[in-house]
Amino acid sequence: MLRIKKLDIFICKQFGMLFLGTFFICLFVLMMQFLWRSVDELVGKGLTIEVLAQFFWWMALVMVPQALPLAILLSSLITFGNLGESSELTAIKSAGISLTRTFSSLVVVCSLISVTSFVFQNNIGPYSTIKLSQLLISMKQKSPELGIPEGVFYDGIPNSNIYVQKKDNKTGKFYGIMIYRMSNSYEDSEIILADSGMLQTTAERKHLLLTLWNGEWFSNQAQEMGSNAAAPFRRETFLEKKTLIDFDGDFSMTDAELFSGDARGKGLKRLYRDLDSLQINNDSIGRVFYKEVQANYFSTSLMTKADTVAAVKESTNTAFNVDSAFAKLNGDDKRNVLAAARSQVQSVASDMEFKSMITEDANRMIRQHKIEIYKKFLVALSCLIFFFIGAPLGTIIRKGGLGIPVIVSVLVFIVYYILDNTGYQMARRGIWAVWFGELLATMVLTPLAVFVTYKANKDSAVFNFDVYRELLFNLLGIRQKRNIMAKEVIINEPNYKQNIELLNEVTARAQAYAEAHKLKTPPNVKRVFFEYQPDNEMAEINRLLETAIDDLGNTRDKLILNLLNAYPVMSVKAHTRPFNRQWLNTVAAIVVPVGLVLYIRMWRFRLRLLKDLRVVVQNNNQIIAQIEKLY
C-alpha cells in the first residue's frame, strides 16, 4: 500500500517552494529572450496597454512548456544541493533510506508536471501560438513609417517597395529614397527617386502622407488589351512632392485564417488528421508525376508478346555499340544529335525541377507536422529527464543556493538547447530524418541522466577534482613533491636502528634492480605489449622505502627531514606497460601511432626510474650517516 511519509512531505515542500520561484524566473528570462527578437514590432508604435498586455499574456503561455524543464532542473539541483550541504542527506542515508526512495516522491510530482505540460501543449499551447502570431503580424503592420529599415527594400506598405539609404531617427526624415509602386498590374508601375523625404500618418490614420524633395517620378500606363503600341511613359522632375497612400494605421487584428495551416497552432488530434491528408495528397501527386514520366519516357509499344520476345532475343545476340553508331555520322548529323540530346536533357531537368518545387512544399509541411507531434511528447518527457539530471547532481555536488547550481543548470540547458535547435533545423530542412533530429537532444541527455543517477546511488565522487587532477598528473608524468613537516608533538619516536636496516636493504635492492634491468636500454616490445609480467621487485622496494620514510617523519632532526623531502615519489608501474588490462596493451601495439607514443613514454619512465633510484641510494647513505652521527 502506498504511504506518504513525513520525509516525502518535507522534500516536496522544499522542492515546491523552489520550483515556483525558479519557474517564474525561467519564464521571465525566456520571455525577455523572445522580446528582444520582437522589440522592433513594439517600440514607437503607440500600442495601447491592452494590446501590450495581450502580447505578454500570450507570450507567457507559449513559453510555459519551455520554462517547466529548466525550472525542474534548477529547483531539483538546489533542493538536493541544500540537503547535502546541510548534512540532511547524510542523515537520511544513515537512517537506511536509499537515494532511490528519497527521489520517489519527487518522481511522482515531476511525472504529474510532465503530464500537465503535455496537456497544456495539446490544448492551450496551439491557441496561444495562433493569438501571439496574430498580434505580432498586426503590430508589424501598425505605423509602418517607423519600421522602415536602412539599406534594404521594405514591403510593409501595400503595393510598394521602399528603399532608404539613411534614416534620421530624430527628425524622421529619409535620405536616398527609391520607391517601386504598382497599381493594378506590372505595366502600371512607378519608380520614384528622391534625395530626401518623410512618411507620416494622417490624422484619421487611414492614409500615409509621403513628402518627397528633389527627385524624379517615372511612370507607365497600361494600354488596352491587344494593342501593340508601346506603353506611354511619363517623367516628372520635382522639388517637392506630396502624395497619399491608402493605409489603415490603426491597430487591427490580423485574420486568424492566415495561420490555419501552421502546424504549431494545432493539437495532437488535428495534427494526425492533417498529416494523413497531406500524405494522401502528396502520394496522389507523386502517382500523377510517375504516370507522366512513364508515358513520356518509358512508353510501351504496340508490339505483340511474340514480337517483343523476338526483339529481346535479337538484341542479346547482336552487339550494338552506341559510340560506333555515332562515329559513323557526318558532322551535321552529329551536331543535330547532340543538340536534340541536349534539348531533351534540359527539358527533362526543367520539368523535374518544377515538379520538385511542388513536392518540396508538401514535404516541408509534412515534416513540420511530424516535428510538432514529436515536440509535444519530447518537451513533456524532458521534464523527467531534467529531474534525473538535476537531483543526482545536487546530491553529488552538495552545494545549494544560486551559485554552482545555476552554473550547472545553465550549462546543461545550453547543451540541450543547442542539440534541440540543431536537430530541429536539420529535420525541418529535410537533411536529417525527422525522428533523428527531434530525438537528438533526448538521446544525448538520457544516458547522462542514467550516468549521474547511477553515480549518485553509488556515492561516487564524480566531481572530486583531486581525483581528476591526480589522473591528469599521472597521464602527463607529473608527480607531486613530498612535504614532510616537523611535528611539534611526537608521540612515537622513530626506530632508527630498524630504519637503518630498511634503508640498507632498499639501497642493496635498488642497486641490484638497476643493474639487472638495464634501465637505460629500450623496453622489450614483446614483454611490454604481449607478455607482461608484474614488477613485484620494484613494488617491494617502494614499499620498504615508504615504510622507512613514514617512521622517520617523526624525527626532530631538520637535516633528516630535508633529506626525506628530497626523496622522489616513484612510479612503480608506468615503466612496465601502458595499461593494466592485457587486451588494451595488445590493441595499443596494433594501432602503430598510439603504440609508438606509449613505447617512448615507457622508455622515458625507465630513464626517470634509474635517476630516482640513484637519488634514493644517495639519500639513504646521507640519512644513515646522520643517524649514526647523532645516535
Side-chain angles (χ1 to χ4, degrees), residues 19-43 45 47-73 110 112-142 251-275 365 367-383 386 413 416-417 420-421 424-425 427-428 438 441:
F19 175 74
L20 290 177
T22 54
F23 170 73
F24 286 108
I25 292 174
C26 296
L27 183 61
F28 175 77
V29 171
L30 292 173
M31 288 175 63
M32 290 301 102
Q33 184 259 350
F34 182 83
L35 181 62
W36 280 117
R37 293 185 297 175
S38 308
V39 68
D40 292 338
E41 282 75 27
L42 296 175
V43 176
K45 292 298 183 75
L47 300 172
T48 63
I49 297 297
E50 181 183 358
V51 174
L52 290 176
Q54 291 182 34
F55 174 74
F56 284 105
W57 169 252
W58 297 121
M59 179 172 58
L61 291 180
V62 170
M63 294 298 166
V64 164
Q66 300 180 34
L68 285 175
L70 184 57
I72 289 176
L73 173 65
C110 291
L112 293 176
I113 295 175
S114 181
V115 173
T116 303
S117 174
F118 175 79
V119 175
F120 187 93
Q121 291 179 83
N122 193 43
N123 296 281
I124 302 176
Y127 181 74
S128 304
T129 302
I130 294 297
K131 300 299 291 185
L132 181 61
S133 300
Q134 282 184 269
L135 280 171
L136 284 174
I137 297 298
S138 302
M139 289 186 293
K140 183 178 179 180
Q141 293 177 349
K142 186 180 186 298
F251 183 84
S252 58
M253 188 66 74
T254 307
D255 189 4
E257 289 297 323
L258 293 175
F259 310 98
S260 59
D262 193 348
R264 296 172 299 175
K266 300 177 182 179
L268 197 60
K269 183 177 180 180
R270 187 180 172 190
L271 281 171
Y272 278 118
R273 185 182 68 234
D274 291 353
L275 177 61
M365 293 187 65
R367 289 195 301 269
Q368 194 65 45
H369 280 69
K370 290 182 178 180
I371 287 172
E372 291 303 318
I373 291 173
Y374 277 104
K375 275 189 177 296
K376 293 189 185 303
F377 291 100
L378 293 177
V379 172
L381 180 62
S382 64
C383 295
F386 277 19
F413 189 76
Y416 170 79
Y417 178 80
D420 183 66
N421 191 57
Y424 169 74
Q425 294 296 335
R428 185 172 65 89
E438 287 301 305

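Numbers here simply count residues along the sequence, with the first being 1.
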Seminar exercise, completed: Between the NZ atom in K376 and the CG atom in L381, the distance rounded to the nearest 0.5 Å is 15.5 Å
For this session: Dump the intermediate steps for side chain to side chain contact (heavy atoms under 4.5 Å, CB included) on L68 and F19, then the final yes or no.
Result: CA-CA 9 Å; L68 285 175; F19 175 74; 3.7 Å; yes
For this session: Please step through side chain to side chain contact (heavy atoms under 4.5 Å, CB included) for the pair V29 and F34, ending with a clear verdict.
Result: CA-CA 9 Å; V29 171; F34 182 83; over 6 Å; no
Exercise. Within the distance-only criterion (no hydrogens, no angle test), does the side chain of T129 pair as donor or acceptor with the backbone N or O of G125 below 3.5 angstrom?
Worked result: yes
For this session: Could you check if a side-chain atom of P69 sits within less than 4.5 angstrom of a side-chain atom of C383, using non-hydrogen atoms only?
Result: yes
For this session: Using a 4.5 Å cut-off on heavy atoms from C-beta on, say whether the side chain of W57 contacts that of K131.
Result: no
For this session: Please name all residues satisfying salt bridge (Lys or Arg N to Asp or Glu O under 4.0 Å) with R270, sequence neighbours left out, ordered by chain then number.
Result: D274
For this session: Check salt bridge (Lys or Arg N to Asp or Glu O under 4.0 Å) between E372 and all other residues, then give those that pass, not counting sequence neighbours.
Result: none
Exercise. Can you find a pair of side-chain heavy atoms, one from V64 and one from F23, that are under 4.5 Å apart?
Worked result: yes
For this session: With rounding to the nearest 0.5 Å, note down the distance linking OG in S382 to CD in Q66.
Result: 9.5 Å
Seminar exercise, completed: Correct closest heavy-atom pair for P126 and G267 would be CG-N, 3.9 Å
Problem set entry | For M31 against F56, the heavy-atom pair lying closest together | CE-O, 3.7 Å
For this session: Answer whether the closest heavy-atom distance between the side chains of R428 and Q368 falls below 4.5 Å.
Result: yes
Exercise. Are F55 and L35 close enough, and set up right, to give a side chain to side chain contact (heavy atoms under 4.5 Å, CB included), and what steps lead you there?
Worked result: CA-CA 10 Å; F55 174 74; L35 181 62; 3.8 Å; yes
Exercise. Does any non-hydrogen side-chain atom of L268 lie less than 4.5 Å from one of Q121?
Worked result: no
Problem set entry | Pairwise distance CE(M59) to CG(L136) - rounded to 0.5 angstrom | 9.0 Å
Problem set entry | Closest heavy-atom pair and its distance - M365, H369 | O-ND1, 2.8 Å
Problem set entry | L61 vs W58 side-chain heavy atoms within contact, under 4.5 Å | yes
Problem set entry | Approximate separation, where rounding is to 0.5 Å, of I72 CD1 and T22 OG1 | 9.0 Å
Exercise. Considering all heavy atoms of both residues, which atom of Y424 and which atom of K375 are nearest to each other, and what is their separation?
Worked result: CD1-CE, 3.9 Å
Exercise. With side chains defined as the heavy atoms from C-beta onward, is the minimum distance between F120 and V379 less than 4.5 Å?
Worked result: no
Problem set entry | Heavy-atom pair with the smallest gap, counting every atom of S117 and A380 | OG-CA, 4.1 Å
Exercise. Could you give the distance from CG (L378) to OH (Y374), rounded to the nearest 0.5 Å?
Worked result: 8.5 Å
Exercise. What residues form a side-chain contact (heavy atoms from CB on, under 4.5 Å) with A441, not counting sequence neighbours?
Worked result: Y416, L419, D420
Problem set entry | Pairwise distance CG(L271) to CD1(I371) - rounded to 0.5 angstrom | 11.5 Å
Exercise. Is Q134 close to I130 at the side-chain level, that is, under 4.5 Å between some pair of heavy atoms?
Worked result: yes
Exercise. Looking only at heavy atoms, which two atoms of V51 and L135 are closest? And how far apart?
Worked result: CG1-CD2, 4.3 Å
